[in-house]
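Read the numbers this way: they start at 1 and go in the same order the structure lists the ligands and their atoms.
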Amino acid sequence: MAKTSIVSGFYKLPLKERLAIIKDFAGLTDEEIRLLENTGSLPFDVADHMVENVIGVFPEPLGVGVNFLINGKDYLIPMATEEPSVIAAAGYAAKMVRDGGGFHTSSTAPVMIGQIQIVGIKDAKAAKKQVLDAKAVIIKKANDQDQVLNSFGGGAKDMDAKILDTSLGQMLIVELYVDCRDAMGANAVNTMAEAVAPQLEQLTGGHVYLRIISNLATKRLAKAWCTVPKESLGGEAVVDGIAYASAFAEADPYRAATHNKGALNGIIAVVLATGNDHRAIEAGAHAYAALKGRYTSISKWTKNKNGDLDGVIELPMAVGLIGGAVKTHPIARIAMKILNVKSANEFGEVLAAVGLAQNLAALRALSSEGIQRGHMSLHARNIAVTAGAKDAMIDLVAAQMVKERKVRVDRAKEILDELCKKQ
Ligand code: MEV
């Protein structure tokens with residue numbers, strides 16, 4: 001008989017009963033159930049309050065990117081990622097950047113955009129004027145929703161409206177500009193957008209559907225830049241290679257997607273470790289990369305007149321020190337303590353610097369020896385573990401596979417067998 005996925009009241013069941021259902025449905029072993037039950041540093045009751053229908057936690061390795069010097073301040077960067085070589089590469093690049101004086105950064109005020117979609121308007125131009133004439137009243141209504149944010153100097157600061165021609169006719173989009181201070185801001189902005197909707201319907205005679213934050217946070221940008229001495233990179237030919245790589249990404253969306261992914265490898269690892277919303281950052285970065293009508297790179301590298309390498313990155317940075325899982329997740333709290341940033345702006349700037357470092361590491365490797373050598377030696381350890389190697393055997397099996405350039409589970413098993421026989 002086919003199994004059903006309809007489980008009414010699943011969320012009300014205690015963990016044991018939830019696991020019994022999953023065990024039965026998926027045929028999990030007792031050992032697999034034990035792994036799920038062992039939630040370690042994220043206790044079940046905390047996880048259970050974070051999301052729905054919890055049956056376990058999903059641990060990722062948490063590492064630290066070293067060598068970061070940003071605006072003259074030293075940082076250790078907590079990074080959560082499943083990808084080998086990302087954390088090592090960040091520290092390696094940060095070391096080279098340090099030789100050139102470290103990273104420099106800037107950011108705009110932490111302003112997020114809330115969008116309210118109004119449809120069914122007879123005269124969109126007239127409606128737009130009516131909305132803009134009522135700006136003060138609408139902003140006041142928005143600010144009435146969040147006294148705490150106001151008390152910290154944040155809140156709705158401005159608004160605008162635009163007429164969109166869509167496949168379903170014209171619509172009026174009202175945008176609230178909300179200074180979120182040290183919060184990521186989704187809750188504050190969405191609450192405000194929902195609160196002003198009835199007023200907007202009244203003013204325009206239209207109907208409001210969507211009231212939601214935009215992840216294309218063009219008013220909340222972080223920027224980082226650096227100069228890397230050619231000697232630190234291994235000579236002017238490497239500088240040329242990175243500049244060519246950058247020009248390639250700027251010109252070609254297929255390359256830009258991978259180039260940007262390389263920068264996001266670092267950024268997302270930190271965002272994840274600190275319990276922030278990494279999907280928001282990822283969506284914002286890619287949309288920003290396409291903002292001028294063609295998808296391109298979010299960073300740029302050029303050779304300067306001394307033959308050294310100049311790099312710059314800029315992207316939307318909707319991250320917070322409060323809200324979401326930042327304060328509830330015990331490891332995120334520790335990650336935040338390690339990061340030691342005092343404001344969401346400082347946090348965003350550090351993230352931009354990490355992205356630039358990660359991008360540099362990838363381009364340096366790609367434009368010289370290629371990434372497979374370094375990548376494979378780390379990947380080989382994963383494969384050795386998958387093949388059953390333990391303790392000292394992991395490195396022995398990995399080294400042999402790299403030497404043979406055969407990093408595969410079947411080969412790892414053979415090597416492991418041979419080594420075990422010799423013992
Ligand atoms: C792999 O995770 C990231 C890279 O592909 C980035 C890049 O190509 O620039 C190495």
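Here R255 has side-chain heavy atoms under 4.0 Å from ligand 1, and that is the only part of it that gets that close. Contact annotation for L366 and ligand 1: only side-chain heavy atoms (C-beta onward) come within less than 4.0 Å of the ligand. Residue contacts with ligand 1 for N265 involve side-chain atoms from C-beta outward but no N, CA, C or O (heavy atoms, distance under 4.0 Å).
Between K421 and E418, none of the side-chain N atoms (NZ, or NE/NH1/NH2) sits under 4.0 Å from a carboxylate O, so this pair counts as no salt bridge. Of the charged side-chain nitrogens involved, at least one lies within less than 4.0 Å of a carboxylate oxygen, so that K16 and E37 count as a salt-bridged pair.
Side-chain N/O atoms of T105 and N71 include a donor and acceptor closer than 3.5 Å. Between E349 and S107, the side chains place a donor N or O and an acceptor N or O closer than 3.5 Å (distance only, hydrogens not considered). Looking at S343 and D182, their side chains never bring a donor and an acceptor atom within 3.5 Å of each other.
On a distance-only criterion, E83 and ligand 1 share at least one N/O pair closer than 3.5 Å. Taking any N or O of K261, backbone or side chain, at least one lies under 3.5 Å from an N or O belonging to ligand 1.
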